[in-house]
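Have a look at the structure below before the remarks.
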Protein chains: 2
Amino acid sequence: MTQKSPGLVELCKAKGRRITGQRKIIADVISSAHDHPDVPEIHRRAMRKDEKISLSTVYRTLKIFAEIGLIEQHSFEGGPFRVERAEGPHHDHLIDTTNGRVIEFRSEEIERLQTEIAEKLGYELTGHRLELYGRPKAK
Amino acid sequence: MTQKSPGLVELCKAKGRRITGQRKIIADVISSAHDHPDVPEIHRRAMRKDEKISLSTVYRTLKIFAEIGLIEQHSFEGGPFRVERAEGPHHDHLIDTTNGRVIEFRSEEIERLQTEIAEKLGYELTGHRLELYGRPKAK
DNA sequence: TCGTTAATGCAAATTATTTGCAATAAGGGG
DNA sequence: CCCCTTATTGCAAATAATTTGCATTAACGA
């Protein structure tokens, strides 16, 4: 196990969820991931620790993890869902179109403008998605 | 036919594309749409004018339309592709989570900040996606 | 330790989208 | 205006991603 999965136990218990072996494995895969893997990829990594864990379980588990707030699910440009752990401050993503790499950033100012815009349109902002696509600048 | 499809003929010819009956119909469906329909919906509407137009043709045609710059394809929260005509100034979307309605808006300031952020990260911005999700504010 | 019930594995079902292929139709040339 | 070449279409089958039904298994509070 690469590292502890912070919060799994507490979050599950708080929602009356059982802590199973596969949930521990999946949580661990996610907490030790330094990228934004999609579901099949998470499944592959989980299978390295338990070759009989099923894809359905991964899907179901991720849905639950998203519900209890352990992770966030994003999908970039219509592709499959990608997962990242929901810890640390909120941020948005810049996708490097030359290699698919995802870079995180945050901008207080954009956050503020979003709320402002929604308000102006008569809406209460409940969520948002901001993705930038770009290629490395030749320096 | 509700209205002319501006540009279809010129855009197709410019790319050596043939102008077929089904392309005219699909272009017309799109140009007279005041919402952001997904592909099955476009197919349904197209069938009202030609009951034997096929779903594949709609998919293929939309891909071509996107290539020649007649439309844009978006997908909100991982859902199916939705289509809107690529005319008028660039804008972003606010999705009403209570009914799925899409509201367009634009913000020069956010546009500017995006370019700025990308630049700061060493990237040249090639595209972006900004979606706000919210519910109508009780006044 | 036991019993209740959530969770799992597997296969089948869905949904969105793409593709192979034979039949059809645009549209430039004669 | 007719022909011929070749893009385009329709249809069915193929993919891909994700979900679901159901019988079996395993958590965990009593």
Side-chain angles (χ1 to χ4, degrees), chain A residues 5 8-29 36-47 49-68 70-83 100, chain B residues 5 8-29 36-47 49-68 70-83 100:
Chain A
S5 317
L8 205 221
V9 177
E10 307 81 69
L11 287 170
C12 276
K13 287 198 167 160
K15 303 273 184 168
R17 294 308 198 160
R18 291 179 182 173
I19 298 167
T20 67
Q22 23 289 73
R23 285 183 187 171
K24 278 190 253 181
I25 289 174
I26 295 171
D28 193 63
V29 164
H36 298 70
D38 60 17
V39 184
E41 176 60 24
I42 290 174
H43 182 221
R44 249 171 264 126
R45 296 182 192 178
M47 282 200 291
K49 308 187 179 185
D50 172 2
E51 33 341 281
K52 54 178 52 57
I53 198 167
S54 82
L55 222 207
S56 331
T57 294
V58 177
Y59 272 108
R60 280 188 282 232
T61 299
L62 292 176
K63 181 179 288 186
I64 288 172
F65 282 3
E67 278 167 10
I68 67 179
L70 190 64
I71 63 165
E72 277 175 29
Q73 297 182 146
H74 301 289
S75 86
F76 302 131
E77 26 182 43
F81 282 119
R82 282 150 167 277
V83 170
Chain B
S5 317
L8 205 222
V9 177
E10 307 80 71
L11 287 171
C12 276
K13 287 198 168 160
K15 303 272 184 168
R17 293 311 197 156
R18 289 181 183 173
I19 298 166
T20 68
Q22 24 289 72
R23 285 182 187 171
K24 278 189 255 183
I25 289 174
I26 296 170
D28 193 62
V29 165
H36 298 70
D38 61 17
V39 184
E41 176 60 24
I42 290 174
H43 182 220
R44 250 171 263 128
R45 296 181 191 177
M47 282 200 292
K49 307 186 180 187
D50 173 2
E51 30 344 282
K52 53 177 54 57
I53 199 166
S54 81
L55 222 208
S56 332
T57 294
V58 177
Y59 271 108
R60 280 188 281 231
T61 299
L62 292 177
K63 180 179 288 185
I64 289 172
F65 281 3
E67 278 167 9
I68 67 181
L70 190 64
I71 64 166
E72 277 175 29
Q73 298 181 146
H74 302 289
S75 85
F76 303 130
E77 27 182 41
F81 282 120
R82 283 150 166 275
V83 170

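Reminder, nothing fancy here: chain letters follow the sequence lines and each chain counts from 1.
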Determine whether Q73(A) and F65(A) make a side-chain contact, defined as any pair of heavy atoms from C-beta on separated by less than 4.5 Å.
-> no
Respond yes when some side-chain nitrogen or oxygen of T20(B) is under 4.0 Å from OP1 or OP2 of dT9(D), and no when none is.
-> yes
Can you check the R17(B) CZ to dT8(D) P distance for me, whole Å?
-> 5 Å
Scanning both residues in full, the closest heavy-atom pair of H36(A) with R82(A) reads O-NH1, 2.9 Å
Which one of V39(B), T57(B), L70(B) satisfies the side chain to side chain contact (heavy atoms under 4.5 Å, CB included) criterion with L62(B)?
-> V39(B)
When you look at I42(A) and R45(A), which way does the side chain to side chain contact (heavy atoms under 4.5 Å, CB included) test go after all the steps?
-> CA-CA 5 Å; I42(A) 290 174; R45(A) 296 182 192 178; 5.8 Å; no
Whole-Å distance separating the CG atom of D50(B) from the C1' atom of dG10(D) = 11 Å
Check the distance between dA26(C)'s C1' and K24(B)'s NZ and give it to me in whole angstrom.
-> 10 Å
Given side chains that start at C-beta, do those of R17(A) and I64(A) come closer than 4.5 Å, heavy atoms only?
-> yes
Mark yes or no for whether H43(A), through its side chain, and I53(A), through its backbone, hold a donor-acceptor pair below 3.5 Å.
-> yes
Over how many whole Å does the gap from R44(B) atom CZ to dT15(C) atom C1' extend?
-> 13 Å
Going by modelled atom types, is there a donor-acceptor pair between the base of dT6(D) and the side chain of R18(B) at under 3.5 Å?
-> yes
Below 4.0 angstrom from OP1 or OP2 of dG10(D), is there any side-chain N or O of T57(B)?
-> yes
Salt bridge K63(A)-E67(A), side-chain N to carboxylate O under 4.0 Å = no
Here the distance between atom P of dC10(C) and atom NZ of K52(A), to the nearest Å, is 8 Å
Per-nucleotide protein contact string for nucleotides 18-25 of chain D, where B marks a base within reach and S marks sugar-phosphate only (heavy atoms under 4.0 Å, - for neither) = BBBB----
Whole Å only: how far is the NZ atom of K15(A) from the C1' atom of dC28(D)?
-> 20 Å
Using atom CD1 of I25(A) as one end and atom P of dA7(C) as the other, report the distance to the nearest whole Å.
-> 16 Å
Atom CD1 of I68(A) and atom P of dA6(C) are separated, to the nearest Å, by 17 Å
Do any side-chain nitrogens or oxygens of Q22(A) fall under 4.0 Å of OP1 or OP2 in dG9(C)?
-> yes
